[in-house]
Amino acid sequence: MSQVRLRFSPAPTGSLHLGNVRTALYNWLHARHVGGTFILRIEDTDVVRSTQESVDEIQYVLRWLGLDWDEGSYLQSARLDVYLAAAARLVDEGLAYECYCTESEVKERNEQAMHQGRPPGYDGRCRDLSADERAARAAEGRPVSLRFRTPDEGHSSFTDLIRGEVTVEWSTISDFVIVRSNGTPVFFLANAVDDIDMQITHVLRGEDLIDSTHRVLALRRALGHDDQPVYAHMPMILGPGGGKLSKRHGSVSIEEYRDAGYLPSALVNYLTLLGWGPEDGREVLSTDELVAEFELKRVISSSATFDAKKLEWMNGEHIRALPPSELVSAVLPFARIRYGDRLEIRRFEAAVRLAQVRATTLVQIAEQMAFLFTPDDALEIEAASWEKLTKVEAAADILDAAAEFVATCDWTDEIDPRPAIEALGLKPGKVMHVLYTAIEGRSQGLPLFDSISLLGRESALHRLRAARARL
RNA sequence: GCCCCCAUCGUCUAGUGGCCUAGGACGCCGCCCUUUCACGGCGGUAACGGGGAUUCGAAUUCCCCUGGGGGUGCCA
């Protein structure tokens, strides 16, 4: 019985987008579900594009989401000699060869082939060079890259856990570079070597890599390993409208969602559901529940379109499911940034509880309590709300009556100004927005009675009178 | 161009030959609850891309078409 080992192996060439994150998530979920090992491996063989900032960001995002790794993170850049040794072995065995074509020459010939209606791909010019020919090219000072010799005929196939048999003709796959002319190994090689050395048992990755699997597997066999890990290619995540997921269609980075007040558990929940669902059809699940339920076999095979609205709804569900004390700490940074020293913890905590069922993001919660931490004279009154207030004929009387009530009521009771309004012969339900506007600056917001109570008698009176005076 | 993958409401999906006059969720629209807004409850709108074939019977199996996505890199 071998231990299940999975790895998430991103290239540190930019920020992690939603698709990458879900791949990481599925790897992590499966590892945790079966008690396997989750490995983080940074595939930074492309030294030109890889950056330390990107490595830091990947680690930060995974940690923030709660996707902890058991091994790593490994850096492929630290093992270049291992990959190069493997490549040298392949050359010795005649499975790979030195290629003296330059990048631009290959590109040019490819374009020519396309023009003439021939399929592109390396034309094999350096495939069977004699030792003398190689020496001559080298003497010309030509750069040397290493190419893997792919079979001329036959087909390659492997079994994908969620797609079944995937087959392709070797004739459609040309010899590919495994070591660049600058001496660095390419993804296919490093990937194959590391999956062998790290004894990876399950490879879950994006469907965009499905074609490369044949090449990695061929390398794996060439390196003497006929066994192969279980492959499962996850469907892609599409942007709204079905196109590519891109910045055009709203946020694609996790940090943007964090800053907008999304909970990691909601993101994890939503992303997991994008392509998978539990047998019982439940949708709102905690991360622990997802780990318990996650089943690779239930991963869907068709690509999914990202729906920001549903994510937002789900975030609201997670906000409501959070114990108030945890919600308080989650919202705190958002409130601090907005209200700074004016923030009072006791009122803040009370406001968070009031806002818990009234928001889909932490930012919304923080914003709803703005009136509590704004000086009376600086309270901004929303134009539309004020407009609505002025349309109420008895607005002045309502404000007067409410002020009178607030000035004299028992502060230990619930502060309910409705009787005072009814005394004017008005239906409170229809005109409460007048008071909401005066107290909170908008016609909708946190419950009025609690808001007045939290604000305090003096402040509430001040606002009611200010609104009255402004009429 | 060539290769690979995919195809149920607008979106996420359930569904593996009869239980489907296709179920759930988001969104949207009503109603109820209600101090506003929400939450919650109830109800409604809306889909098996097209054509063949197999079968007593196809959303479910097979083929073709169409559509979408991916690949075709000295990116991963």
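From a predicted model like this one, the values you see are computed outputs, not experimental measurements.
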Asker: On a whole-Å scale, what distance lies between the C1' atoms belonging to B:A7 and B:U45?
Answerer: 24 Å
Asker: Answer yes or no on whether A:Arg22 is positioned over the face of A:Tyr26, meaning its NZ or CZ is under 6.0 Å from the six-membered ring centre and within 45° of the axis.
Answerer: yes
Asker: When the C1' atoms of B:U16 and B:U61 are compared, how many Å lie between them, rounded to an integer?
Answerer: 10 Å
Asker: What interatomic distance, in whole Å, is found between C1' of B:C63 and the corresponding atom of B:U55?
Answerer: 16 Å
Asker: Can you tell me, in whole Å, how much space there is between the C1' of B:A58 and that of B:G51?
Answerer: 15 Å
Asker: Less than 4.0 angstrom from a charged side-chain N to a carboxylate O is my criterion; do A:Arg127 and A:Asp152 meet it?
Answerer: yes
Asker: Check whether the side chain of A:Arg358 and the base of B:U36 form a donor-acceptor pair under 3.5 Å.
Answerer: yes
Asker: Identify which nucleotide among B:U35, B:C26, B:C3 has an atom closest to any side-chain atom of A:Val168, counting heavy atoms from C-beta outward.
Answerer: B:C3
Asker: Between A:Glu422 and A:Arg418, does any NZ, NE, NH1 or NH2 come within less than 4.0 Å of an OD or OE carboxylate oxygen?
Answerer: no
Asker: Any Lys/Arg nitrogen of A:Arg298 or A:Glu293 sitting under 4.0 Å from an Asp/Glu carboxylate oxygen of the other?
Answerer: no
Asker: Describe the nucleic acid contact of A:Gly275 in one word from base, sugar-phosphate, nothing, applying a heavy-atom distance below 4.0 Å.
Answerer: sugar-phosphate
Asker: Spell out protein contact along nucleotides 65-76 of chain B as letters: B when the base is contacted, S when just the sugar-phosphate is, - when no protein heavy atom is under 4.0 Å; keep the 5' to 3' order.
Answerer: ----BBS-BBSB
Asker: Check the geometry between A:Tyr436 and B:U35 and answer yes if their rings are stacked (centres below 5.5 Å, planes below 30°), otherwise no.
Answerer: no
Asker: Tell me which nucleotide, if any, is Watson-Crick or G-U wobble paired with B:C48 when both distances must be under 3.5 Å.
Answerer: none
